[in-house]
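Take a look at the structure set out below.
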Amino acid sequence: MTTEFTTHLTEAVVDSIEGTSDPRLRELLAALTRHLHAFVRETEPTMAEWERAVGFLTATGQTCTDTRQEFVLLSDVLGVSMLVETVNSDGREGVTESTVLGPFHMTESPARELGANIDLVGGGEPCVVSGRVLARDGSPLPGAVLDVWQANAEGYYDVQQPDVQPPGNGRGLFTADSEGRFRFRTCVPSPYPIPTDGPVGDLLRAMGRHPYRPAHIHFIASADGHTPVTTHIFVAGSEYLDSDAVFAVKESLVQDFTETDDPSLAREFGIPNPFRHARFDLVLNPVRS
Ligand code: BEZ
Ligand code: FE
C-alpha cells in the first residue's frame with residue numbers, strides 16, 4: 001500500500017463531497033471520511049475482517065424492530081450516546097446534569113397525582129422519591145412536568161414483560177405543585193442487564209464485558225421557559241456504579257435512598273414503615289435568548 005495513493009484517495013473522496021448543498025452535512029461527511037480512512041490506515045484490516053464488520057453492522061440493522069433499536073444500543077455500549085449527550089448539554093454550573101435517554105422511553109407515561117404509587121405490582125422495597133423542580137436562581141418552578149420511568153424490582157421494564165406487568169407499571173407523568181414540589185411512591189430499583197440476545201450482546205461477550213446497568217430511575221423534567229433535562233438518579237451503593245455498561249453515571253446523579261423509620265412520615269406518605277426515601281432537587285436552565 002503506498003501512502004501517496006491512500007492520501008490521494010482520501011482527498012478525492014473529500015473533494016467529491018464538495019457539492020453537498022447542506023453545509024453541515026458536507027462538514028459531517030468530510031470529517032467522517034477522514035476519520036474512517038485514518039482508522040483503516042492505522043489498523044489495516046484484512047478483507048475477512050472487513051467482511052466480518054459489514055456482517056456485524058448488517059445483523060445490527062436486521063435486529064431493529066418497532067420496539068427494539070440495536071443501533072442505539074451499539075452507540076450506547078461504545079460510549080457514543082453519552083458523548084453526544086454531553087457535547088449537547090448546556091453544562092452551566094448548578095443545573096442538573098443530563099444522561100442517556102435509553103431505549104425504554106417508548107410508551108407515554110400515564111398522568112398521575114402527586115404522591116401516587118408507580119409500582120402497580122408491589123413486591124419490591126417501598127420507597128418515596130421527593131424533591132423540588134427549581135430554576136438555576138433557586139426559585140421554584142410551579143407546574144413543572146416530570147416524566148418518570150423505571151424497571152421493576154427484578155430489573156425489567158413493563159414493555160419487556162407485557163404478560164407479567166400491566167402497561168404503565170413503573171411510569172408516571174407528574175405535575176409539580178405551586179412550590180415546584182414533586183413526590184411519588186415506588187419500589188427501590190435494581191441493577192439490570194441491557195438486552196444481550198443480539199449482535200451487541202455478542203460484541204459485549206467478545207470484549208469480556210458485563211451487560212449490567214446500576215440501579216436507577218429515569219426522569220425528563222420540563223418547565224415553561226426552561227430547557228428540559230433528560231437524566232437519571234442512581235441508587236447510592238448500587239452494584240455497577242463504577243462499570244455501567246453504557247457509561248452513563250455522573251457523580252452528581254448518585255442519590256441516597258435513605259432507610260427511614262418514621263411512622264408519622266410513613267402515614268403522611270401513605271407508605272408502610274420503614275421505607276427508603278430519596279430526596280433531591282432538579283434544577284433547570286432558562287432557555288437561552
Ligand atoms: C436504560 O437505562 O433504560 C438503558 C440505557 C441504555 C441502554 C439500555 C438501557
Ligand atoms: Fe433504565
Side-chain angles (χ1 to χ4, degrees), residues 60-61 63-86 88-89 96-109 118-121 124 127 129 146-162 164-165 167-173 184 186-205 207 209-221 228-236 238-250 252-255 257 278 280 282:
T60 300
T63 307
C64 294
T65 67
D66 285 350
T67 54
R68 176 156 182 173
Q69 234 307 345
E70 196 76 357
F71 264 115
V72 173
L73 204 58
L74 179 59
S75 160
D76 293 337
V77 302
L78 294 178
V80 177
S81 305
M82 228 13 230
L83 203 51
V84 173
E85 176 63 49
T86 304
N88 279 285
S89 68
T96 299
E97 289 194 281
S98 58
T99 192
V100 287
L101 176 70
F104 295 117
H105 185 252
M106 52 182 36
T107 60
E108 229 166 84
S109 299
I118 63 171
D119 176 12
L120 308 179
V121 183
C127 155
V129 178
L146 273 193
D147 192 347
V148 178
W149 68 107
Q150 72 167 84
N152 68 5
E154 279 80 50
Y156 295 101
Y157 286 86
D158 57 350
V159 288
Q160 293 176 289
Q161 295 187 309
V164 177
Q165 298 186 42
N169 189 40
R171 297 180 195 266
L173 196 63
F184 61 91
T186 184
C187 62
V188 179
S190 301
Y192 65 82
I194 62 170
T196 56
D197 56 346
V200 171
D202 294 337
L203 182 67
L204 287 177
R205 282 183 287 278
M207 293 189 286
R209 276 173 53 183
H210 73 72
Y212 284 89
R213 300 215 59 213
H216 60 273
I217 302 177
H218 295 258
F219 291 85
I220 299 174
V229 68
T230 299
T231 192
H232 307 357
I233 56 166
F234 293 94
V235 180
S238 169
E239 218 178 337
Y240 309 112
L241 277 176
D242 56 0
S243 64
D244 184 0
V246 302
F247 306 95
V249 178
K250 290 179 176 171
S252 67
L253 303 178
V254 179
Q255 299 291 339
F257 281 57
F280 63 96
L282 286 150

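As the structure lists them, so they are numbered: ligands from 1, and atoms in each ligand from 1. Predicted model only: the values in this text are computed from it and were never measured.
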[X] side-chain N/O to [Y] backbone N/O, donor-acceptor pair under 3.5 Å:
X	Y	answer
S75	S81	yes
D158	Q165	no
T230	L101	no

- request: Using the salt bridge (Lys or Arg N to Asp or Glu O under 4.0 Å) rule, collect all pairs that involve residues 63-79, keeping only residues at least two apart or in two chains.
  value: R68-E70, R68-D197

query: Can you tell which of G102, S75, P103 gets a heavy atom nearest to atom 9 (C) of ligand 1?
result: P103

query: To which protein heavy atom is atom 3 (O) of ligand 1 closest, and what is the distance rounded to 0.1 Å?
result: Y192 OH, 2.8 Å

task: Just jot down the salt bridge (Lys or Arg N to Asp or Glu O under 4.0 Å) partners of D244, sequence neighbours excluded, or say none.
output: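 D244: salt bridge (Lys or Arg N to Asp or Glu O under 4.0 Å) contacts with R213.
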
task: Please list, chain by chain and in numerical order, all residues satisfying salt bridge (Lys or Arg N to Asp or Glu O under 4.0 Å) with D119, sequence neighbours excluded.
output: none

message: Using a strict cut-off of 2.8 Å, how many protein N/O/S atoms surround the Fe ion (ligand 2)?
response: 4

message: Within a 6.0 Å radius of atom CZ on F280, are there more than 12 heavy atoms belonging to other residues, nucleotides or ligands?
response: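 More than 12 heavy atoms, drawn from other residues, nucleotides or ligands, come within 6.0 Å of this atom.
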
- prompt: Quick one: does H105 get within less than 4.0 Å of ligand 1, heavy atoms only?
  reply: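 Flag not set, H105 not near ligand 1.
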
- prompt: Below 3.5 angstrom, do we get any N/O pair linking R213 and ligand 1?
  reply: yes

query: Is the closest N or O pair between D76 and ligand 1 shorter than 3.5 Å?
result: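 No; the residue has no nitrogen or oxygen that sits under 3.5 Å from a nitrogen or oxygen of the ligand.
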
- request: Could you list which atoms of ligand 1 come closer than 4.0 Å to a heavy atom of H216?
  value: 2 (O)

- request: Using a strict 4.0 Å cut-off to heavy atoms of H218, name the atoms of ligand 1 that fall inside it.
  value: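 In order of number, 1 (C), 2 (O), 3 (O).
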
message: Measuring from atom CG of N152 to atom OG1 of T186, what distance do you get when rounded to the nearest 0.5 angstrom?
response: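 Answer for the CG-OG1 pair, N152 versus T186, is 9.5 Å.
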
query: With distance as the sole criterion, is a donor-acceptor pair present between the side chains of Y192 and H216 under 3.5 Å?
result: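 Yes, a side-chain donor-acceptor pair sits under 3.5 Å.
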
query: Side chain, backbone, both or neither: which part of L73 comes within less than 4.0 Å of ligand 1 when only heavy atoms are counted?
result: side chain

- request: Taking all non-hydrogen atoms of both residues into account, name the closest pair between C187 and C127 and its distance.
  value: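 Minimum heavy-atom separation between C187 and C127: C-CB, 4.1 Å.
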
